[in-house]
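Here's the structure we're looking at; comments come further down.
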Protein chains: 2
Amino acid sequence: MRPLFHPSIEDITVEGILHALSDPVRAAIYADIVSQEFAQNCSNFLTVSNKSIPKSTLSQHFRILRDAGLIRSERHGVEMHNVSRCAELAKRFPGLIHAIVTAHTIQSAGEARGKKAGAKKSGKRA
Amino acid sequence: MRPLFHPSIEDITVEGILHALSDPVRAAIYADIVSQEFAQNCSNFLTVSNKSIPKSTLSQHFRILRDAGLIRSERHGVEMHNVSRCAELAKRFPGLIHAIVTAHTIQSAGEARGKKAGAKKSGKRA
DNA sequence: TTCACTAGTTCAGAATTTATGAACTATAAA
DNA sequence: TTTATAGTTCATAAATTCTGAACTAGTGAA
């Protein structure tokens, strides 16, 4: 098992961050890691937003978040602890992570309201 | 030719925006549209950051930006005019677009400095 | 040591998405 | 008309992502 790769702060790119967080599963995982400041391991996410996800897929999602520089993963005994690198990122790209997390929150709130009102948007486009 | 689709403001998603702007070509196109407040047509972008891009690919890039709700495209005679929807977006997701555009600017500035210093980062990972 | 168990990674092929050349549509002007 | 320009759509090639199966690494017990 090759050692986990973490990019140095100056190698982190906007494209990588946006790509990593443009996937709803990864966005949910990342939001969870950011909000819960204690370390999160992978198996906490075997179901993400009511969908169960194979652990190989989950492992890839974590790798993408790690490669993008969003999280730092460390092995502690048998399990992995994941923490966000948001303090570092806030220095390199001020406001970026905060704005994205906030936007996701706004969107979730809107969706919850829509659902409560009985709207039946399918998400398909015309 | 089917009429161009533009999502209504409440159907615009964070995932869509991040995905659209996670591609460097689309990010460059969007930055150009935002900065030049007058309307931009597609053929202004036949080369983006020193790479020439087929017009079918460019057309798809514009469609993705449009579907994501980032731009509005209107036919004026034989050509298309593209304008950013950043005012609307700033209302729905305050600070998001601004933070992304700023982050891209910071990154470009860093890359320019790196190049001047003669660094030879390949962008490949170990 | 060896066995079993847990947590996660890696691999390889399937499924999905993206890129692009060729053909097409729409508008304008000669 | 015909020609030209600007861009879209289609079909398929190329690249990416998902996932089951096999593997690696650490822990604890016999």
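So you know, we letter chains A, B, ... as the sequences are listed, proteins then strands, and number each from 1. In this text, all values refer to a predicted model and were calculated from it rather than measured experimentally.
At whole-Å resolution of the value, CG in B/Asn82 and P in D/dA6 are 14 Å apart. With rounding to whole Å, A/His81 atom NE2 is found 14 Å from D/dG26 atom P. One interatomic measurement links the two molecules: NZ of A/Lys55 to P of D/dA21, which rounds to 12 Å at whole-angstrom precision. For the pair B/Met80 CE and D/dT5 C1', the interatomic distance rounds to 13 Å; values are reported in whole Å.
The outermost nucleotides of DNA chain C lying under 4.0 Å from heavy atoms of chain A, listed 5' to 3', are C/dT6 to C/dC11.
Using a 4.5 Å cut-off on side-chain heavy atoms (C-beta onward), A/Ile71 and A/His6 make no contact. Using a 4.5 Å cut-off on side-chain heavy atoms (C-beta onward), A/Ile106 and B/Pro94 make contact. Residues B/Thr13 and B/Ile17 are not in side-chain contact: their nearest non-hydrogen atoms beyond the backbone lie 4.5 Å or more apart. Contact check for B/Lys51 versus B/Thr47: no side-chain heavy atoms found under the 4.5 Å cut-off. Contact of the B/Glu79 side chain with the B/His81 side chain is registered, since non-hydrogen atoms from C-beta on lie closer than 4.5 Å.
Note on B/His61: only backbone sugar-phosphate atoms sit closer than 4.0 angstrom, heavy atoms only; bases stay farther off.
An OP1 or OP2 oxygen of D/dT19 is reached within less than 4.0 angstrom by a side-chain nitrogen or oxygen of A/Thr57.
If you check residues 13-21 of chain B against DNA chain D, you find no residue with a heavy atom closer than 4.0 Å.
Residue whose closest nucleotide on DNA chain D sits further toward the 5' end, between A/Gln60 and A/His76: A/Gln60. Toward the 5' end of DNA chain D, the nearer of the two residues B/Phe62 and A/Asp23, judged by each one's closest nucleotide, is B/Phe62. Judged by closest nucleotide on DNA chain C, A/Glu79 is the one of A/Glu79 and A/Pro3 placed further toward the 5' end.
Atom CD1 of A/Ile100 is separated from atom CG of A/Leu96 by 4.0 Å, given to the nearest 0.5 angstrom.
At a cut-off of 3.5 angstrom, counting only N and O atoms as typed in the model, there is no donor on one side facing an acceptor on the other between the side-chain of B/Ser59 and the base of D/dG7.
Around the NE2 atom of B/His98, the shell of radius 6.0 Å holds no more than 12 heavy atoms that belong to other residues, nucleotides or ligands.
A/Cys86 approaches A/Tyr30 most closely through the heavy-atom pair CB-OH, 3.9 Å.
Residues B/Glu88 and B/Arg72 are paired through a salt bridge, judged by an N-O separation under 4.0 Å between the basic side chain and the carboxylate.
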